2 protein chains.
Amino acid sequence: MKLKEFAKQLGLSPTTVSRALSGYPEVSEKTRKRVAEEAVRLGYRPNVNAVRLVTGRAGAIGVVMGRSGEFQFSEYMSGMAERLDSEDIDILVSPIAEQGGKDESQLYSRLATSGRVDAVIIHSPMPDDKRIALLHRLGMPFLVHGRSETDVPHAWLDIDNEGAIRRATSHLLDLGHRRIAMINGRAGLTFSLHRDKGYRKALEQRGIPFDPRLVAHGHFTDELGFRFARSFLEQSPRPTAFVAGSMMTALGVYRAVRSFGLVVGRDISVIAHDDVFPYLTADNMVPSLSTTRSSLRAAGARSADLVLQLLSGRPATEIHELWPVELILRESTGPLPQASE
Amino acid sequence: MKLKEFAKQLGLSPTTVSRALSGYPEVSEKTRKRVAEEAVRLGYRPNVNAVRLVTGRAGAIGVVMGRSGEFQFSEYMSGMAERLDSEDIDILVSPIAEQGGKDESQLYSRLATSGRVDAVIIHSPMPDDKRIALLHRLGMPFLVHGRSETDVPHAWLDIDNEGAIRRATSHLLDLGHRRIAMINGRAGLTFSLHRDKGYRKALEQRGIPFDPRLVAHGHFTDELGFRFARSFLEQSPRPTAFVAGSMMTALGVYRAVRSFGLVVGRDISVIAHDDVFPYLTADNMVPSLSTTRSSLRAAGARSADLVLQLLSGRPATEIHELWPVELILRESTGPLPQASE
DNA sequence: GCGGTCGTCCAAATCGTTTTAAATTTCCCA
DNA sequence: TGGGAAATTTAAAACGATTTGGACGACCGC
């Protein structure tokens, strides 16, 4: 069913019908209502591609997915989808062609010039992320999920990684721990740097020297959690507490601790960052895991919302949101055991 | 840069340029080459929306994402993305409006009539899935990831869930286990039924009666894995082996076993299905987890491939792929302990 | 009853391509 | 050298909507 045909059935011109459906004021309330009703009855829906061509809008938001298929991804997308459900806007997922390098910027260029999307969301930025400058230069609206230190104006939404890790570390210090190991995210990413900063600040406040041998960087996988934790535990004196970057990391840490015949929550304290997944919950771990918590799904929903604001004209420089992170104490954290002192 | 402008710069007509770029035979090799080179040099790319309007093709494949944001999702999508990287085809993610019910079919209708996608992939089908009949009726090409028993012709790609679980169960029986519990997927879904069938067949072959108290259904979460496993272990006599539906489920099972003071691989054997995630590997669990294994990423890549075949005219009735599943034995499975007999 | 305003509605241009149908050029052979 | 087939190229008509610039009455005040 095309507009022309539909209009004829109504005895109206295509113009009027189009306006009625788009909510323009030049059409009487009576006919608007009639048009709306008939559209439903006859099942008329404007052809998306025609609308896109003529308006120049793509009706889609692009999300670039890393090669490694992070487990966090679907949770964030669920959130976005939740928010975009009511709008007539799609989510477009683009794979990254090659890790880092030139191909990545090519992907963004193509995304921008092809007119496939109206805006892009980028993840895991670095302090001087080249993508940000690129997208700005291309004139493509974008939101950064995370933060960067570039001068290029850009909208962003981030959680307070520094504060979260600072509080987590401080809490462990309060409990008497002095050798606290941290398994951080990939080196060079802003959030990893922020977490590092939070960790150091907490130590600094107590006048405890920073020991680089207690910090590791890498993907959030159970394997790295396990390996790093083991290598930390082999040190002497060994750490008595861990700050783990993710739930998966924490799984590895738990295993590593057990493999040394130690008990989490008694011999070794663990705090991890939790993005709140329906399929893996900190409460259910044994012992239950203390976490710094922030809903990734909520971040996804809000991201979609902010992109919509961006598209409707709100200046990117106004869009900066820093979310606080909760610290949830459970059984995996406890006072420094006497013997270890 | 528009086609008209670009053509003028080349001293050719838009028609010729369009044909040269689309690889039609009516243009001489010499000009084709020149056009291609200049297109790169001047950065001309056809406007996607104009192409879509005139060709009627959307240039996108739709994937419907469940509300619950399954952790498997991004791995499958990564696979799809991998395959579609070379094509000029997008992946469109649609959230499901409401769980089940009427809204779901509305979503598919809209997806089909709006011209947003050329094909759709549906997941976790049921034996008489309404979506299949609906999409068929709407004339929208689609691929079912999983299987169904409907008469409606449809393309599908599935793994041999029945065979996998049958082999897993048989292996446990070989080891002497007699009370084997199974934590299956959500009730009513085809793959759950297939797994159930595989489980029963294995028992039947040994003449062991099926005990419904040893089977549970639900989402693949660590929480359900833990709860179900605990409730099974409370039975008397308790099961000596578990078949777990997913890696997350297995995590819960491991915890439950430990919470009873039992040891996986010695007191209790566990086999789980593994979709092969980079962030959670069976090899790294302690003890390492025996699995039925099938790469979800590969399935995603192949799905994209099959959809492309579908779109280029291959009949849906020809597209049926059943993938075998590997059985990988590791430390979590062992002979029935003497004391338990 | 006339000119102006307002509220509705419409004809036609437009978006940037692909593709049909026709026009041109090239080429080969009688 | 001319005729016709084959190889190139082109002009113009789609595709299905939005939107610009008017047109047509109805209504009001003077």
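None of the values given here were measured: they were computed from a predicted structure.
Remark: the Thr31(B) side chain and the Ser28(B) side chain contain an N/O donor-acceptor pair separated by less than 3.5 Å. No donor-acceptor contact under 3.5 angstrom links the side chains of Tyr24(A) and Ser18(A), judged on distance only. Side-chain atoms of Ser94(A) and Tyr108(A) include no donor-acceptor pair closer than 3.5 Å.
Under 4.0 angstrom from either OP1 or OP2 of dA17(D) there lies at least one side-chain N or O belonging to Tyr44(A).
Nearest-nucleotide assignment on DNA chain D puts the 5′-proximal partner with Thr55(B), out of Glu26(A) and Thr55(B).
The aromatic rings of His123(A) and His145(A) stand perpendicular to each other, their planes meeting at an angle above 60°, with 30° marking the opposite boundary. The aromatic rings of His154(A) and His320(A) sit perpendicular, their planes meeting at an angle over 60°, well past the 30° parallel limit.
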For nucleotides 10-12 of chain D, which of its nitrogen or oxygen atoms have a protein nitrogen or oxygen under 3.5 Å away, and what is each distance?
from, atom 1, to, atom 2, distance (Å)
dT10(D), OP2, Ser13(B), N, 2.7
dT10(D), OP2, Ser13(B), OG, 3.1
dT10(D), OP2, Thr16(B), OG1, 3.0
dT10(D), O4, Arg19(B), NH1, 2.6
dA11(D), N7, Thr15(B), OG1, 3.4
dA11(D), N6, Thr15(B), OG1, 2.9

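In this structure the side chain of Asp275(B) never reaches within 4.5 angstrom of the side chain of Ser295(B), judged on heavy atoms.
At a threshold of 4.0 angstrom between heavy atoms, the contacts of Phe6(A) with the nucleic acid are absent. Ser28(A) comes within 4.0 angstrom of the backbone, heavy atoms only, and of no base.
Note that the first and last nucleotides of DNA chain C, 5' to 3', having any atom under 4.0 angstrom from a heavy atom of chain B are dG16(C) to dA21(C).
Look at CD on Glu29(B): it is 11 Å from P on dT9(D), rounded to the nearest Å. Lys2(A) has its NZ atom 8 Å from the C1' atom of dC15(D), to the nearest Å. What separates CG of Asn49(A) from C1' of dT18(D) is a distance of 15 Å, to the nearest Å. We find that NZ of Lys30(B) is positioned 13 Å from C1' of dA7(D), with the value rounded to whole Å. Going from atom CG of Asn47(B) over to atom C1' of dC15(D) covers 13 Å, rounded to whole Å.
No more than 12 heavy atoms of other residues, nucleotides or ligands sit less than 6.0 Å from atom CZ of Arg57(A).
Ion pair Glu5(B)/Lys8(B) not flagged as a salt bridge, since none of the NZ, NE, NH1 or NH2 atoms sits closer than 4.0 Å to an Asp/Glu carboxylate oxygen.
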Between Phe71(A) and Phe277(A), does a ring-ring contact (aromatic ring centres under 6.0 Å, His included) hold up when you go through it step by step?
CA-CA 10 Å; Phe71(A) 61 96; Phe277(A) 304 110; 5.3 Å; yes
